[in-house]
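Here the structure comes first, spelled out in structure tokens, and everything after it is commentary.
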Number of protein chains: 2
Amino acid sequence: MHATRQGGWVAPMSAAAAPRRRGPRRALTDGEILDAALDLLDGGGPDAASVRGIAARVGVAPNAVYTYFPDKAAVIRALVERLIGEVDHDVFADRTRPWRERVEALALELRERLSAHPGAVALMIGGPMDGPNARALNERLLHVLTDAGLDGTQAARAAYLLIVYVFGSIALEVADGHRAGSLPPEPDRVARRQAAFAETPADRFPLSAAAATTMAGYVSTEQYLWGLGRVLDGIAAHGETRRST
Amino acid sequence: MHATRQGGWVAPMSAAAAPRRRGPRRALTDGEILDAALDLLDGGGPDAASVRGIAARVGVAPNAVYTYFPDKAAVIRALVERLIGEVDHDVFADRTRPWRERVEALALELRERLSAHPGAVALMIGGPMDGPNARALNERLLHVLTDAGLDGTQAARAAYLLIVYVFGSIALEVADGHRAGSLPPEPDRVARRQAAFAETPADRFPLSAAAATTMAGYVSTEQYLWGLGRVLDGIAAHGETRRST
DNA sequence: ACGCTCCTTGGACGGCGTACAAACTCTGTA
DNA sequence: TACAGAGTTTGTACGCCGTCCAAGGAGCGT
């Protein structure tokens, strides 16, 4: 009697619109648990978001959590789902705007949402994102691309490419520590990165050294948009090619 | 007395070309520890690559590992470095071949190496890849791009974009379970994925449903090369644009 | 032959995810 | 109104994990 399945997606266990359950009143809600998990995630990185930590934060025995979610993985999935659900669809739903603007808006919105919770990025790429909100977002992206004139196959491929780019970018940023808060305190993290940049052996890796100083000067959003621009160029060019042949 | 640093990169602790140490002979080498770690990683996913597991596999007490590496993170870093070091540079070092072919060769080679050890992908994006081998690989990529006529700034940006694409693709493939062995046994993983595809609610997400069936039919290498092609198109087009203006 | 250095080990600490059984609280029914 | 049973919460426990400490043993330099 653990969790109901629908389409491969394992939902939390709260009876949907419960008519009133049998036993004693539940002390918590799924949302409160996710709130606690997110707080811990933001405060101390993925490792801090432990079942015991969550339980302690909401003032409950560790095992009580397992009444709300079948296991820790389900908590993580639900949390990821919630974060994806916070993406504002209105920004890129407007079909009168150029499709590139719409995709850029989507990419920026997604990045902004995820950047608020860097620890969550590791959780997202730790498993498939196949919850309802993730599906809805994918659907929106496909809509934009078909609006741009791509057929079903091309839209599918382009959507996957864009997803790879967006999540890959953010994941690498977090991994490289460009984005603060990706890991627990570790106060000298920035210093270590700068040292790594500075001490790149310029004699052995001259191009890397030059590139490092170049990249270090970028506002990372700038590089993000540049890469996105190239990806969109490639998608657009491919459409033109196919149309002209 | 733990580990020597050089340029932000924390190397293993074995004295480089030791003239013969004082105490008793070391029972192991760094390499043997990494071998064991890799075996466990391949066999049981990232969780199986534990310090205790490694120690048991090489027939030694868990603590003995800490004589070779300062902590588990260092073992992981060294392992990632080794895997990156296995990439064959000769394939794309040939300056007579077109630059697109060379980048494609690099991308395919890297993917092949990482696909042999799916569990390692999560480890790579879990921290910065700033070891010597990673730097050398980056240097090679920059060479190819400058050979293609890009200036330093553009080469740096394009290289970062390509790195994002390659690692993002592989990471998402592993996360989605398209690549077997990414996690422990979990025997019905493939079945779950197929179920997720099949049970995509076609009424609520029609485009996603169509895309899912489309993507499911792809050999993933095909999609990988398609996306890479678009990225390269975008990079090439950008160069043309700048050159013509 | 001795002393010192270094490796290795047993044991322990605190933390993790989670299974089990008991205590308790409430609802539906008799 | 009383009771049965469903459902929540908790204490306890198991087997993992990464890592520290103190003790023991092995080998080189003197």
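By convention in this document, chain letters (A, B, ...) are assigned in the order of the sequence lines, proteins followed by strands, and residues within each chain are numbered from 1.
- Judged as a side-chain hydrogen bond (donor to acceptor under 3.5 Å, both in side chains), and not counting sequence neighbours, the contacts of R57(B) are D39(B).
- Picking from dT18(C), dT19(D), dT9(C) the nucleotide with the shortest atom distance to the side chain of D71(A) gives dT18(C).
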Inset, instruction - Mind running salt bridge (charged side-chain N to carboxylate O under 4.0 Å, His left out) on E139(B) and R204(A) for me, showing each step along the way? - result: CA-CA 9 Å; E139(B) 182 78 8; R204(A) 293 190 49 194; over 6 Å; no
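- Taking atom CZ of residue R22(A) and atom C1' of nucleotide dA6(D), one finds them 5 Å apart after rounding to whole Å.
- A salt bridge links E222(B) to R157(A): one of the charged nitrogens lies within less than 4.0 Å of a carboxylate oxygen.
- No side-chain donor from either of S115(A) and E112(A) sits under 3.5 Å from a side-chain acceptor of the other.
- If you measure from atom CG of L28(A) to atom P of dT25(C), you get 18 Å, rounded to the nearest angstrom.
- In this structure, D88(B) has no side-chain hydrogen bond (donor to acceptor under 3.5 Å, both in side chains) partners at least two apart in sequence or on a different chain.
- With rounding to whole Å, N63(B) atom CG is found 15 Å from dC6(C) atom C1'.
- One interatomic measurement links the two molecules: CZ of F69(A) to P of dT8(D), which rounds to 13 Å at whole-angstrom precision.
- Distance CD (E32(A)) to P (dT9(D)): 11 Å, rounded to an integer number of Å.
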Quick one: which protein N/O atoms are closer than 3.5 Å to N/O atoms of nucleotides 22-24 of chain C? Pair and distance per line, please.
none

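- Taking atom CD1 of I54(B) as the reference point, atom C1' of dC16(D) lies 15 Å away to the nearest angstrom.
- Side-chain nitrogen and oxygen atoms of Y66(A) include none within less than 4.0 Å of the OP1 or OP2 phosphate oxygen of dG7(D).
- Here the nucleotide nearest the side chain of R25(B), chosen from dG27(D), dT9(C), dT19(D), is dG27(D).
- Using a 4.0 Å cut-off, some side-chain N or O of R26(A) falls inside it from OP1 or OP2 of dT8(D).
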Inset, instruction - Could you please spell out the steps behind the side chain to side chain donor-acceptor pair (under 3.5 Å) verdict for S220(B) and Q223(B)? - result: CA-CA 5 Å; S220(B) 51; Q223(B) 168 67 21; over 6 Å; no
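- For V60(A), the side-chain contact (heavy atoms from CB on, under 4.5 Å) criterion is met by L28(A), A55(A), V58(A), A64(A), not counting sequence neighbours.
- OP1 or OP2 of dT8(C) has at least one side-chain nitrogen or oxygen of Y68(B) nearer than 4.0 Å.
- Counting only heavy atoms from C-beta on, A64(A) has its side chain closest to dT10(D) among dC21(D), dT18(C), dT10(D).
- When atom types are taken as modelled, the side chain of E81(B) and the backbone of N133(B) share a donor-acceptor pair closer than 3.5 angstrom.
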Could you list all N or O pairs between the protein and nucleotides 13-16 of chain C that sit under 3.5 Å apart?
unit_1	atom_1	unit_2	atom_2	d
dC16(C)	OP1	S50(A)	OG	2.9

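- For the side chain to side chain donor-acceptor pair (under 3.5 Å) condition, no pair includes a residue of residues 161-172 of chain A, sequence neighbours left out.
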